[in-house]
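Right, one structure below, let's go through it.
Start at 1 with the first residue, then count along the sequence. Start at 1 and go down the list; that is how both ligands and their atoms are numbered. What you are looking at is a predicted structure, and each value in this text was computed from that prediction instead of being measured.
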Amino acid sequence: MEKTFTAGQFRIERTANPKPKPDPNTLKFGRTFSDHMFVMDYDAENGWRDGRVIPYGPMMIEPAAAVLHYAQEVFEGIKAYRARDGRVLLFRPDMNAERAARSCDRVCIPRLDDGLFVEAVKAIVSLERDWIPEKEGTSLYVRPFIFADEPLIGVHPASHYKFVIICSPVGPYYDTPGGSLAATSIFVEEEYIRAFPGGTGFAKVGINYAASLKAQEKAAARGCEQALWLDAIERKYVEEIGTSNAFFVIDGETITAPLSGTILPGVTRDSVIALLKKWGERVSERRLSIDDVRAAAESGRLDEVFASGTAAVISPVGRLVFGSGEVAVNGGAVGKLSQRLYEALYGIQTGDRPDEMGWTVEV
Ligand SMILES: *Cc1c(COP(=O)(O)O)cnc(C)c1O
């Protein structure tokens, strides 16, 4: 039942009531949604069918829908940028499609046919191109997700699913003059864990995030933006920062956790590693203990810490807060490599810099 998809074959039903566009100066992350959404259904007999772009609005699902009980769901996150010359650009959407396929497999959701993910993203972004804000640092955040909508409260894989894509215009991640990078404070979480070997850490599935909220609350109570996750077995090796991948620069070596099953394989992470290699920097995917990080900070060898992800691109860390005590990173200032990576990635994503890696896809 494998099909090949092109954006042109989806049915389009335009809204009769377009909403006013939000003020680009006051956009908050993920609170405003565009006029339309993409919806497609799956059932075991017909496979994925009836892809359509329809007005954004509430969806009817039965109270017994499996997703509401056992959380059989995966999601993705991609940004669409408007380049200065008017082109609309996506960043490496094929990587999101591949990751969605691996996430689906982990929670027994039937995979999307080849090409369907990217064509569906292109279809909705193309129709919503006027919703991409133009102000520096703003973009249209695209959220594809797939969930079990079969009325079924037995614990087994459902046979009905929905693939939906919604879009949200978002402001610059940093609330600073000119949207320049600002160093964050990170709480080292030693009690709660995000992911464990054999679990779902490598998959972008909703269940991981419900389980992370408690640590996020703890971090906020300590005046921190995010929690730093340690490994589940020894509570010792650094894994991720909030919903981003984590990088540590010690003695000129940039270190990030290996993709061993508990780490979400970030598109930004992969791009950071590729750029560092291209620039001739020393970069390692290896285990690194939090004790080594703290010792490096205390002896002045911890040059930089930063997080990578679609939302903020690069998020420098200026302070690590522990259960007892804290350390400054790079004197609390934004590091050189963080700044250089941010400018390079953001420049490519927005079409301001030549895309030598062939990463951007025009809609
Ligand atoms: C989405 C996500 C990331 C970042 O992935 P990108 O593809 O770079 O946006 C990292 N860690 C977690 C846990 C995530 O959910």
Do you know which of L127, V53, V164, I12 makes side-chain contact (heavy atoms from CB on, under 4.5 Å) with F38?
V53
Compute the centroid of each ring, for Y141 and then for F29, and state whether the two points are separated by less than 6.0 Å.
yes
Does the ring of F202 carry R102 above it, NZ/CZ under 6.0 angstrom from centre and within 45° of its axis?
no
Residues forming a ring-ring contact (aromatic ring centres under 6.0 Å, His included) with F248, sequence neighbours excluded
none
Restricting to non-hydrogen atoms, name the atom on E189 and the atom on A227 that form the minimum distance, rounded to 0.1 Å.
CB-CB, 4.2 Å
Determine whether the side chains of T360 and D355 contain a donor N or O and an acceptor N or O closer than 3.5 Å.
yes
Pocket residues of ligand 1, ordered first by chain and then by residue number (heavy-atom cut-off under 4.0 Å)
R99, R194, K204, Y209, E240, T243, S244, N245, L264, G266, V267, T268, G309, T310
